[in-house]
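For reference, the structure discussed in these notes is given below.
Note that ligands are numbered from 1 as they come in the structure, with each ligand's atoms numbered from 1 the same way.
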Amino acid sequence: MGLTQDEILTRLRENDPEKLAELYRRADAVRAGHVGEEVHLRGLIEFSNICQRSCTYCGLRRENRMLPRYQMSAEEIIAGAGEARARGYGTVVLQSGEDLNMSATWLGDVVRWIKERYGLAVTLSVGERPVEDYRLWRECGADRYLLKSETSDAELLGDLHPPRRSGLPIRPELLGILRDLGYEIGGGVMVGLPGQSVASLARDLELFAELDLDMIGIGPYIPHPGTPLGEAISAAGGGAAGEAPRSDDQAPNSVSMTLKMLSLARLACPEANIPATTALATAQDGGQLLGLKCGANVIMPNLTPRMYRERYEIYPSPWRAEGADGHSAILAAISEAGRAVGQGPGGRRRG
Ligand code: SAM
């Protein structure tokens with residue numbers, strides 16, 4: 001990106017509105033130069049909230065017994081893909097908790113049917129699985145895989161996202177394997193996790209470039225009261241975005257820090273597809289429009305059926321409770337940003 005780690009740190013710590021505006025303008029110009037004016041829409045289907053992991057930040061964690069669990073049928077998922085097609089989206093994203101009991105062949109069949117029936121690009125985001133599963137899904141036609149590392153701070157990650165078993169490849173290594181299998185690969189981080197330093201955010205950006213990510217998801221950490229991390233924040237008197245406990249170098253989970261990360265990610269990986277995330281929209285009304293102006297070129301409208309949506313509660317969001325998919329608000333944001341809705345699968349364009 002032409003920025004040293006020191007220069008990145010300076011920008012992450014910058015609070016002068018004019019200098020920040022300059023950073024956002026630069027990211028926007030790089031976005032325009034490398035991925036153009038189109039905003040690609042990816043229809044998101046959160047097909048199961050069953051999860052065997054114990055991530056301390058996430059409402060889907062297995063210990064959250066308050067959450068009624070669901071698993072959509074293949075027919076329901078395919079109907080969702082049909083809706084994506086009808087709306088003119090080029091991609092469907094199938095996301096779930098991490099459930100090793102979910103049969104790899106079942107998901108592979110779903111992918112194959114979607115490809116045969118609708119010809120959509122398919123992105124999978126179902127967590128850490130055996131390499132044979134990734135291979136099978138690729139053979140069934142899956143195009144992309146999202147697997148966020150959440151933070152490059154290994155010690156923090158060990159606390160927040162306890163490994164399933166020691167010795168299994170960590171997420172950046174899995175991304176390398178997925179790339180070798182022919183997937184477009186997506187990574188990313190949450191911003192403002194308690195204990196996450198600004199210096200570690202700078203290293204996250206370095207890692208994005210090293211992995212040459214095709215997709216980068218960056219959103220603010222939003223406390224969930226039914227999780228150990230959310231409870232600790234409430235006990236410390238915090239609770240809302242922007243109020244995570246601080247150490248000297250603690251990164252805030254603010255919209256501003258998220259936008260700085262997004263802009264710098266665009267500079268680090270000019271060709272990547274970068275969404276203006278739902279977490280950004282949850283943290284601030286109009287957050288997705290801000291994201292589009294700071295380097296983002298993707299939005300993921302939610303196509304999860306209303307009866308399930310509220311139960312995919314990774315963090316509390318008024319959007320879920322209302323069951324709104326935000327489709328018209330998304331189109332309005334794209335038009336307000338002076339951009340066009342992307343056509344076709346919208347994969348990475350290498351320059
Ligand atoms: N199970 C898959 C995995 O682990 O990659 C995909 C589902 S996981 C719930 C999707 C993403 O939700 C995670 O990568 C994480 O970044 C995000 N997430 C979970 N809890 C969150 C929170 N409290 N605030 C913001 N993002 C959160």
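Under the 3.5 Å distance criterion, the side-chain polar atoms of N49 are matched with a main-chain donor or acceptor of R311. Side chain of Q343 to main chain of Y89: no donor-acceptor pair is present (N/O by atom type, distance under 3.5 Å, no hydrogens or angles). Checked by atom type and distance alone, the side chain of R42 pairs as donor or acceptor with a backbone atom of G346 at under 3.5 Å. At least one donor-acceptor pair under 3.5 Å links the side chain of D249 to the backbone N or O of A199. With hydrogens and angles disregarded, a donor-acceptor distance shorter than 3.5 Å links the side chain of R129 to the backbone of D99. Between the side chain of D133 and the backbone N or O of A104 there is no donor-acceptor pair closer than 3.5 Å. In this structure, the side chain of R62 does not engage the main chain of C51 through any donor-acceptor pair within 3.5 Å. Remark: side-chain polar atoms of Q288 are paired, donor with acceptor, to backbone N or O of A276 under 3.5 angstrom.
In terms of protein heavy-atom proximity, atom 20 (N) of ligand 1 is closest to Y57 CD1, 3.4 Å. Among all protein heavy atoms, the one lying closest to atom 27 (C) of ligand 1 is M190 SD, 3.4 Å. Counting protein heavy atoms only, atom 17 (C) of ligand 1 is closest to I314 CD1, 4.2 Å. The protein non-hydrogen atom at the shortest distance from atom 23 (N) of ligand 1 is I222 O, 2.8 Å. Nearest to atom 7 (C) of ligand 1 among the protein's heavy atoms is S96 O, 3.3 Å.
Under 4.0 angstrom from ligand 1, the non-hydrogen atoms of K148 all belong to its side chain. With a heavy-atom cut-off of 4.0 Å, C55 does not touch ligand 1 at all. Of all the heavy atoms of R171, the ones lying under 4.0 Å from any atom of ligand 1 belong exclusively to the side chain.
Close placement of the Y134 and Y145 rings is indicated, their centers lying within 6.0 Å of each other.
Residue contacts with ligand 1 include G97, since one of its heavy atoms falls under 4.0 Å from the ligand. Proximity of G230 to ligand 1 is not established, as no heavy-atom distance is less than 4.0 Å. Distances from ligand 1 to the non-hydrogen atoms of A279 include no value under 4.0 Å. Within the 4.0 Å heavy-atom shell around ligand 1 one finds Y312.
Among the atoms of E150, some N or O lies under 3.5 angstrom from an N or O of ligand 1.
Protein heavy atoms all stay at least 4.0 Å away from atom 11 (C) of ligand 1.
Selection from G219, G186, P220 by nearest heavy atom to atom 25 (C) of ligand 1 gives P220.
Of all heavy-atom pairs spanning G217 and K148, the tightest one is O-CE, 3.5 Å.
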